[in-house]
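What follows is a set of notes on a single structure, which appears directly below.
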Amino acid sequence: QVQLVESGGGLVQAGGSLRLSCAASGRTFSRVAMGWFRQAPGKEREFAAVIRWSAGIYYTEYADSVKGRFTISRDMAKNTMYLQMDSLKPEDTAVYYCAASSSGAANYTPRDRTRYDYWGQGTKVTVSS
């Protein structure tokens, strides 16, 4: 059974940092996209960051709202993905979800959440002003 388990959320002041982790079990996710999405209260789930595979290389992409402040990474040996979040703002407050694709579809449209087959339960991040 495939599972994605997020951890690392919490309460932090504006300007602070958090590192989220997403531990995968049940299969490895090499050569497919893995990403982070977030959902603020009353809003739709939105793309935050992704590591995708293309022509033998891993690429990273970020939403404009987090670019330059968040860094996505993967440790293939640990089958774990991370999201380092720096210079946090109150508008970053949301539940953060990790997601993985079972095929290559998300490598082509990584910002489309319907391309992901596996989701974690979410970890809550609250940034106070």
Side-chain angles (χ1 to χ4, degrees):
Q1 183 180 358
V2 176
Q3 276 193 316
L4 301 177
V5 179
E6 302 99 333
S7 61
L11 173 65
V12 63
Q13 287 189 332
S17 298
L18 283 174
R19 188 174 84 151
L20 306 183
S21 298
C22 173
S25 61
R27 64 162 283 178
T28 57
F29 291 97
S30 60
R31 302 188 182 186
V32 294
M34 290 190 72
W36 289 96
F37 289 75
R38 64 184 186 180
Q39 187 166 16
K43 295 188 177 181
E44 290 192 356
R45 193 171 301 188
E46 65 176 11
F47 167 78
V50 64
I51 292 184
R52 61 180 182 86
W53 170 271
S54 178
I57 300 173
Y58 282 106
Y59 294 88
T60 59
E61 289 185 23
Y62 298 92
D64 288 344
S65 57
V66 308
K67 194 176 298 181
R69 299 186 298 119
F70 291 10
T71 303
I72 189 171
S73 61
R74 293 175 70 171
D75 185 331
M76 300 304 290
K78 295 182 178 180
N79 211 17
T80 299
M81 178 175 65
Y82 303 97
L83 186 67
Q84 177 67 40
M85 305 187 297
D86 299 316
S87 302
L88 283 161
K89 304 176 181 180
E91 50 264 45
D92 295 318
T93 295
V95 177
Y96 284 72
Y97 299 89
C98 69
S101 171
S102 65
S103 68
N107 284 323
Y108 300 99
T109 52
R111 300 177 185 235
D112 181 353
R113 63 179 186 262
T114 65
R115 296 294 187 176
Y116 296 85
D117 308 286
Y118 304 106
W119 292 85
Q121 82 289 350
T123 185
K124 188 174 182 180
V125 172
T126 303
V127 184
S128 64
S129 57

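For CZ of R31, the number of neighbouring non-hydrogen atoms (other residues, nucleotides, ligands) closer than 6.0 Å is 12 at most.
Side chains of S102 and R27 form a contact here, defined as non-hydrogen atoms less than 4.5 Å apart. Proximity of S65 to R38: side-chain heavy atoms (C-beta onward) are separated by under 4.5 Å at one or more points. Using a 4.5 Å heavy-atom threshold, the side chains of W36 and V66 count as separate. Looking only at side-chain heavy atoms (C-beta outward), V50 and R111 stay at 4.5 Å or farther from each other. The shortest distance between side-chain heavy atoms of L20 and E6 does not fall below 4.5 Å. Residues S30 and M76 are in side-chain contact: their nearest non-hydrogen atoms beyond the backbone lie under 4.5 Å apart. Looking at F29 and S101, their side chains never come closer than 4.5 Å, going by heavy atoms from C-beta outward. Counting heavy atoms from C-beta outward, Y108 and D112 have side chains that stay 4.5 Å or more apart.
Y62 and Y116 are not part of a single hydrophobic cluster, where members link through side-chain heavy atoms under 4.5 Å apart. I72 and Y96 fall within the same hydrophobic cluster, where Ile, Leu, Val, Met, Phe, Trp and Tyr residues are linked whenever their side-chain heavy atoms come under 4.5 Å apart, directly or through other members. M85 and M34 end up in the same hydrophobic cluster when Ile, Leu, Val, Met, Phe, Trp and Tyr side chains are linked at under 4.5 Å. Using a 4.5 Å cut-off between side-chain heavy atoms of Ile, Leu, Val, Met, Phe, Trp and Tyr, with links allowed through other members, M81 and L18 fall into the same hydrophobic cluster. Both I51 and V2 are part of a single hydrophobic cluster, where members link through side-chain heavy atoms under 4.5 Å apart.
Y97 and R45 get closest at one heavy-atom pair: CZ-NH2, 3.4 Å. Shortest non-hydrogen contact noted between L83 and A49 is CD1-CB, 4.1 Å. Taking every heavy atom of both residues into account, G122 and V95 meet most closely at CA-CG1, 3.8 Å. Shortest non-hydrogen contact noted between A23 and T80 is CA-OG1, 4.0 Å. Residues S87 and R69 come closest through the heavy atom pair O-NH1, 3.0 Å.
By the 30° and 60° cut-offs, the orientation of the rings of F37 relative to F47 is perpendicular.
Applying the disulfide bond (SG atoms under 2.5 Å apart) test to pairs two or more places apart or on separate chains, none has a residue in residues 43-82. For the disulfide bond (SG atoms under 2.5 Å apart) condition, the pairs that include at least one residue of residues 80-129, sequence neighbours left out, are C22-C98. Under the disulfide bond (SG atoms under 2.5 Å apart) criterion, no residue pair touches residues 53-90, with sequence neighbours excluded. The stretch residues 25-74 participates, sequence neighbours left out, in no disulfide bond (SG atoms under 2.5 Å apart) pair at all.
Proximity of a side-chain donor or acceptor of T93 to a complementary backbone N or O of V127 within less than 3.5 Å is detected. Using a distance-only test at 3.5 Å, with no hydrogens or angles considered, a donor-acceptor pair links the side chain of N107 to the main chain of W53.
Here S25 pairs with Q3 under the side chain to side chain contact (heavy atoms under 4.5 Å, CB included) rule; sequence neighbours left out. Annotation: salt bridge (Lys or Arg N to Asp or Glu O under 4.0 Å) contacts of R19 (sequence neighbours excluded): none.
Using a cutoff of 4.0 Å between basic side-chain nitrogens and carboxylate oxygens, K67 and D64 are scored as salt-bridged.
To the nearest 0.5 Å, atom OG1 of residue T60 and atom CZ of residue R52 are 9.0 Å apart. With rounding to the nearest 0.5 Å, the separation of OG in S129 from NZ in K89 is 14.0 Å. In this structure, the separation between CG on L4 and CD on Q121 is 9.0 Å, given to the nearest 0.5 Å.
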